[in-house]
Colleague: 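There's a structure below that I have some questions on.
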Amino acid sequence: MVLLIIGLIHFYLWKRLVRDPLRPGRGRRIGTALAVLLCALAPVTLIGVRAGYVKWLSWPGYLWIAVMFYLLVTLAVLEVPRALALRLWAGPGRTAAKARTGTAGTASSGQGESGQGETVPASAAIPIADAATGPVGGAATGAQAGTTAPVVTDVPPTVPPSVAGEGPAGEPEPTPEEKRGIERRLLLARGSAIFAGLTAAGVTGYGVKTATSAPRIDRFQMPMAKLPRAMDGTRLAVVSDIHIGPLTGANHAQRIVQVINSVNADLVCIVGDLVDGSVAELGRFAAPLGGIESRHGAFFVTGNHEYYSGHEEWIAEVDRLGIRPLRNERVPINGLDLAGVNDLAGEQQGDAPDFGRALGDRDTSRPVVLMAHQPVAAKEAAAFGVDLQVSGHTHGGQMAPFNLLVKLQQPVVSGFGKVDGVPVYVTNGAGFWGPPVRVGAPPQVTVIELRAT
């Protein structure tokens, strides 16, 4: 299905960026070959890089996927004004050409509508002359005048196939109005292609700069009725989707740790998708996480990408770095309970979330904050009276307008919302997955300040 979708997208891009704006010739052939190459690059990157192969394709492959996405979005938005312009601006020549082409199809003996004579059906009888009196169509004399005979279709034509007012093989030569219409359509196609190309390149460039910059601090105050007065103002630094991987570089984790430490948090909650690769590959890049500072410690729950990267090894590595994994369990922190469940993706590897174990036997008079990677987990947490769930996973959509599609899977895409009565806060994440591009969803470290009410 993915290959089919990628193929259809590239066919559409080829049509709008190569076939429509370029005349037949060398330029169109080069454009077609490039479209085929890029069509192959996208799935090779998605499959090969994730499997640990052809990692050198990461940057060009993922950047093309981002450009492809924004080319598709831009061209799709242009379809309506393009159609209107074709009808209003390039329409007269096009209509005339269709009319001439349709009329030419009714001409006899291959003649088009050139304005010379009338169209005569091939089955009709026409005057002819005897061979001795001159060529066909010459003046008839004597008894030969008015003589009729059926048309002989296998007689070689005595008039060249291209005559005044006709193109090759009897096709009508375009009129000046038709030529203007053709040039207008070509200009419109080229203008659309240039606009789409510049827009896609500009948006992608902006997205790369945003994605590779330091995460911003997002602040939110959460009123909590059960929170003891002594814990009023408790600060949770919530970070998700760090995605340490082949594109992030050695300083990615260090930069995030600096932002976390700058907020003087009481608790640090790392809610999954820490890595995209094995401990052997990426352990050295994750080492700066051991420098996280907070008053009551740092905690971690698995995300779906941990299950693609060897979750057991990473759980041990995170613990070694001084970050406590919460494995379907909770810990008391003064007058607050902090709970964590495994990600929903763990079900496929025998490491499923267990909400009953994490929340079932707790003192319900105490407030509880639940760490769960996916916002949709709140639907199962609702039965346990959770006071706040902190999540990630969505990246805030990462590349707008993709956030509209994320909404189809997750009940909250970014920021605060409620799911079956459970307050849920979703952070955008501090890294990126796939294309190193963020548009409309900058990287974040979220600081949630709990307020006693």
Side-chain angles (χ1 to χ4, degrees), residues 46 50 62 65-66 69-70 73 203 207-208 210-213 215-220 222 236-245 247-248 252 256 259 268-276 300-309 340-347 353 369-382 386 388-420 422-448:
L46 290 173
R50 181 167 173 175
Y62 280 125
I65 289 172
F69 176 72
Y70 283 112
V73 171
V203 172
V208 170
T210 302
T212 55
S213 62
R216 306 174 188 180
I217 297 175
D218 169 46
R219 298 183 183 274
F220 178 75
M222 178 65 197
L236 279 63
V238 182
V239 61
S240 179
D241 302 281
I242 296 174
H243 284 289
I244 297 170
L247 296 183
T248 56
H252 181 60
I256 293 170
V259 174
V268 174
C269 303
I270 304 176
V271 283
D273 278 8
L274 178 63
V275 292
D276 280 311
F300 168 78
V301 293
T302 55
N304 54 306
H305 280 251
E306 271 70 59
Y307 294 99
Y308 311 146
S309 307
V341 292
N342 303 341
D343 184 59
L344 301 172
E347 295 179 1
V369 174
L370 174 66
M371 296 170 57
H373 179 62
Q374 298 189 42
V376 72
K379 293 183 177 181
E380 295 189 54
V386 171
L388 175 65
Q389 175 178 306
V390 291
S391 300
H393 184 64
T394 65
H395 297 205
Q398 185 164 324
M399 293 165 55
F402 189 72
N403 54 306
L404 302 178
L405 295 178
V406 177
K407 184 69 175 176
L408 300 177
Q409 188 204 27
Q410 297 293 335
V412 182
V413 176
S414 180
F416 181 77
K418 285 195 174 184
V419 181
D420 292 350
V422 177
V424 178
Y425 199 93
V426 180
T427 184
N428 284 352
F432 54 84
W433 180 81
V437 175
R438 276 185 172 270
V439 177
Q444 286 181 348
V445 170
T446 298
V447 179
I448 299 178

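Scope of the values below: all heavy atoms of this structure, side chains included, with no hydrogens, waters or symmetry mates. If you're wondering where the values come from, they're calculated on a predicted model, not measured in any experiment.
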Colleague: Can you name the closest pair of heavy atoms from Val426 and Val424 and give their distance?
Modeller: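 Looking at all heavy atoms of both residues, the closest pair is CG2-CG1, 3.9 Å.
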Colleague: How close do Thr210 and Arg216 get, counting heavy atoms only, and between which atoms?
Modeller: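 Result for this residue pair: CG2-NH2, 4.5 Å.
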Colleague: Within the structure provided, determine whether Val275 and His305 are in side-chain contact (heavy-atom separation under 4.5 Å).
Modeller: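 They are not in side-chain contact.
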Colleague: Between atom CD of Gln444 and atom CG of Asp241, what is the distance when rounded to the nearest 0.5 Å?
Modeller: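 Nearest 0.5 Å value for the CD-CG distance: 11.0 Å.
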Colleague: Do Arg438 and His395 have side chains that get closer than 4.5 Å, going by heavy atoms?
Modeller: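 In short, these two side chains touch, coming nearer than 4.5 Å.
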Colleague: Evaluate the side-chain proximity of Val73 to Pro401: yes if any heavy-atom separation is below 4.5 Å, no if none is.
Modeller: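 The answer is yes, as the side chains (C-beta and beyond) meet within the 4.5 Å cut-off.
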Colleague: Calculate, to the nearest 0.5 Å, the distance between atoms CD and CG belonging to Glu380 and Asp420 respectively.
Modeller: 10.5 Å
Colleague: List the atom of Gln389, the atom of Ala381, and the distance in Å for their closest heavy-atom pair.
Modeller: OE1-CB, 4.1 Å
Colleague: Which donor-acceptor pairs under 3.5 Å do the side chains of residues 428-435 make with protein atoms, sequence neighbours left out?
Modeller:
from: Asn428; atom 1: OD1; to: Ser414; atom 2: OG; distance (Å): 2.7
from: Asn428; atom 1: ND2; to: Pro442; atom 2: O; distance (Å): 3.2

Colleague: Between atom CG of Asn403 and atom OG1 of Thr394, what is the distance when rounded to the nearest 0.5 Å?
Modeller: 9.5 Å
Colleague: Please examine the side chains of Asp273 and Asn304, heavy atoms only from C-beta on, and report whether any two atoms are closer than 4.5 Å.
Modeller: yes
Colleague: Look up atom CG in Leu388 and atom CG in Leu236, then write down how far apart they are to the nearest 0.5 Å.
Modeller: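 It is 7.5 Å, given to the nearest 0.5 Å.
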Colleague: Can you name the nearest heavy-atom pair linking Tyr62 to Pro436, along with the distance?
Modeller: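 What the structure gives for the nearest pair is CB-CD, 3.9 Å.
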Colleague: Does the plane of the ring in Phe220 sit parallel, tilted or perpendicular to the ring in Tyr425? Use 30° and 60° as the thresholds.
Modeller: tilted
Colleague: Can you name the nearest heavy-atom pair linking His373 to Val271, along with the distance?
Modeller: ND1-O, 2.7 Å
Colleague: Of all residues at least two apart in sequence or in a different chain, which pass the side-chain hydrogen bond (donor to acceptor under 3.5 Å, both in side chains) check with Gln374?
Modeller: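 With neighbours one apart ignored, the set is Asp343, Gln410.
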Colleague: Below 4.5 Å, heavy atoms only, C-beta onward: do Val390 and Thr446 meet side chain to side chain?
Modeller: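 Of all side-chain heavy-atom pairs linking Thr446 with Val390, none is under 4.5 Å.
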